[in-house]
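Here is the naming used below: chain letters follow the sequence lines, and residue numbers restart at 1 for every chain. Just so we're clear, the structure is a prediction, and the values are computed from it rather than from any experiment.
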2 protein chains.
Amino acid sequence: MKNKKNELTKNQKIVLDCIQKSNKPVKAYSILSNVSKKGLKAPPQVYRALEKLIEVGEVHKIESLNSFVACNSKCIEPNGTIFSICKSCDQTTEVSNVALAKFLSDFKDMNGTQFSGFNLELFGTCKSCKT
Amino acid sequence: MKNKKNELTKNQKIVLDCIQKSNKPVKAYSILSNVSKKGLKAPPQVYRALEKLIEVGEVHKIESLNSFVACNSKCIEPNGTIFSICKSCDQTTEVSNVALAKFLSDFKDMNGTQFSGFNLELFGTCKSCKT
DNA sequence: AATAATTTGTTATATTATAACACTATCTTC
DNA sequence: GAAGATAGTGTTATAATATAACAAATTATT
């Protein structure tokens, strides 16, 4: 069942706020230490908020970094994520490329069945790390 | 520097063999318990073998499952991996689709720079889980 | 208000992964 | 084939990531 106004709860807001304020993917325990002053003192509190935020699409997990980012653009693809990740500094940005998103969404398996979701992580070197 | 014959070492062979015998991605600690009878008794022994096997391309890590699979096909793409993962049973297969691989390899960032690598995980429901 | 569902706070513990160090084996080159 | 370099091994300890389980509090529904 939903929240009355379909809004995020206190803890979920606190965690989301923390993630949004970072310009890089954040690790769960880093979130935990950042929000401990706001009353979230144990891992489950953070992980539960993360789970919900991911479910509603406000947050994505960067699997290869075990880290979390806020959804910036309002994703162009509801069933998939595309990230560009700097191998050197972990700076990560959500890639909004219509052609790529469409290619992936439309992609079918050998039996012609469409996949229900995808996650693409592109690795490279970011601008600041190149110089 | 390489091994004399450019071969895998004993521990690397043991770990690779264990992964190849599985029809699903295997977790590091599952490998550990499977190979303990062959003398690998501590996590670092497994993780070091995995690191090398990944480096030489014999094994890939499935990030969203924290698990490892053997490279079956000899990948069509040297710099990227594409997996199809069953959401229900974790059955995973490496996808060898030339068009998709080419699309991803050729994909460029906003500045026109090619990425150096990619990992794509496609989620769906496998044949046996559908029935 | 009574019930149901969700969220919270908390403790404990499971799971995944690496640091550090002493030692051994192999490779290189002279 | 000895000396130094490189890579792999065995081991202990611990770091980092994530979840189970349960009681209490909050919010929504009737």
Q: Of all the nucleotides listed (C/dA17, C/dT7, C/dT8), which has the minimum atom distance to the side chain of A/K52?
A: C/dT7
Q: Let me know the distance between CD1 of B/I62 and P of C/dA17, rounded to the nearest Å.
A: 13 Å
Q: Side-chain N or O of B/T9 less than 4.0 angstrom from OP1 or OP2 on D/dT9?
A: yes
Q: Name the closest nucleotide to the B/P44 side chain, picking from D/dA20, D/dT9, D/dT11.
A: D/dT11
Q: Any side-chain heavy atom of A/K24 within less than 4.5 Å of one from A/C89?
A: yes
Q: Within this structure, what is the CG-to-P distance between A/L8 and C/dT6, rounded to whole angstrom?
A: 16 Å
Q: Determine whether B/I82 and B/L100 make a side-chain contact, defined as any pair of heavy atoms from C-beta on separated by less than 4.5 Å.
A: yes
Q: Take atom CD1 of B/I14 and atom P of D/dG10, then tell me their distance rounded to the nearest Å.
A: 8 Å
Q: For a 4.5 angstrom cut-off between non-hydrogen side-chain atoms, does B/K61 reach B/I54?
A: yes
Q: Hey, is B/Y29 stacking on C/dT16? Ring centres under 5.5 Å, planes under 30°.
A: yes
Q: Pick base, sugar-phosphate or nothing for B/K27, based on heavy-atom distances below 4.0 Å to the nucleic acid.
A: sugar-phosphate
Q: What's the closest nucleotide to the side chain of B/R48 if the choices are C/dG9, D/dT17, C/dA20?
A: C/dA20
Q: Picking from D/dT12, D/dA18, D/dT9, which would you name as closest to the side chain of A/A28?
A: D/dA18
Q: Is the phosphate of D/dG10, meaning OP1 or OP2, less than 4.0 Å from a side-chain N or O of B/K10?
A: yes
Q: Could you tell me whether the side chain of A/F118 reaches within less than 4.5 Å of the side chain of B/L120, counting heavy atoms only?
A: yes
Q: Do A/S64 and B/E63 have a side chain donor and acceptor closer than 3.5 Å?
A: no
Q: Does D/dT19 have OP1 or OP2 sitting under 4.0 Å from an N or O in the side chain of A/Y47?
A: no
Q: Any side-chain N or O of B/N11 less than 4.0 Å from the OP1 or OP2 oxygen of D/dG10?
A: yes
Q: Can you find a side chain N or O atom of A/N66 that sits less than 4.0 Å from OP1 or OP2 on D/dA18?
A: yes
Q: If you look at every heavy atom in B/T125 and B/K130, which pair is closest and at what distance?
A: O-CE, 3.4 Å
Q: Of the nucleotides C/dA17, D/dG10, C/dT10, which has the atom closest to the B/Q45 side chain?
A: D/dG10
Q: Bend angle of the helix from C/dA1-D/dT30 to C/dC30-D/dG1 from five-pair axes at both ends, rounded to 10°?
A: 40°
Q: Measure the distance from CD1 on B/I54 to P on C/dA17 and round it to the nearest whole Å.
A: 9 Å
Q: For the pair made of CD in A/E55 and C1' in C/dT7, what is the distance, rounded to whole Å?
A: 13 Å
Q: Among the candidates C/dT10, C/dA17, D/dG8, find the nucleotide nearest to the side-chain atoms of B/Q12.
A: D/dG8
Q: Separation of A/E7 atom CD from D/dT27 atom P, in whole Å?
A: 12 Å
Q: By the 4.0 Å heavy-atom rule, please label A/K41 as base, sugar-phosphate, or nothing.
A: nothing
Q: Could you check how far NZ of B/K13 sits from P of D/dG8, rounded to whole Å?
A: 13 Å
Q: Going by heavy atoms in the side chains, are B/C18 and B/V35 under 4.5 Å from each other?
A: yes
Q: Looking only at the aromatic ring of each residue, does the gap between the centers of A/F103 and B/F103 stay below 6.0 angstrom?
A: yes
Q: Establish, with yes or no, whether the OP1 or OP2 oxygen of D/dA18 is under 4.0 angstrom from a side-chain nitrogen or oxygen of A/K61.
A: yes
Q: What is the separation between atom CD on A/E51 and atom C1' on C/dT8, rounded to the nearest whole Å?
A: 14 Å
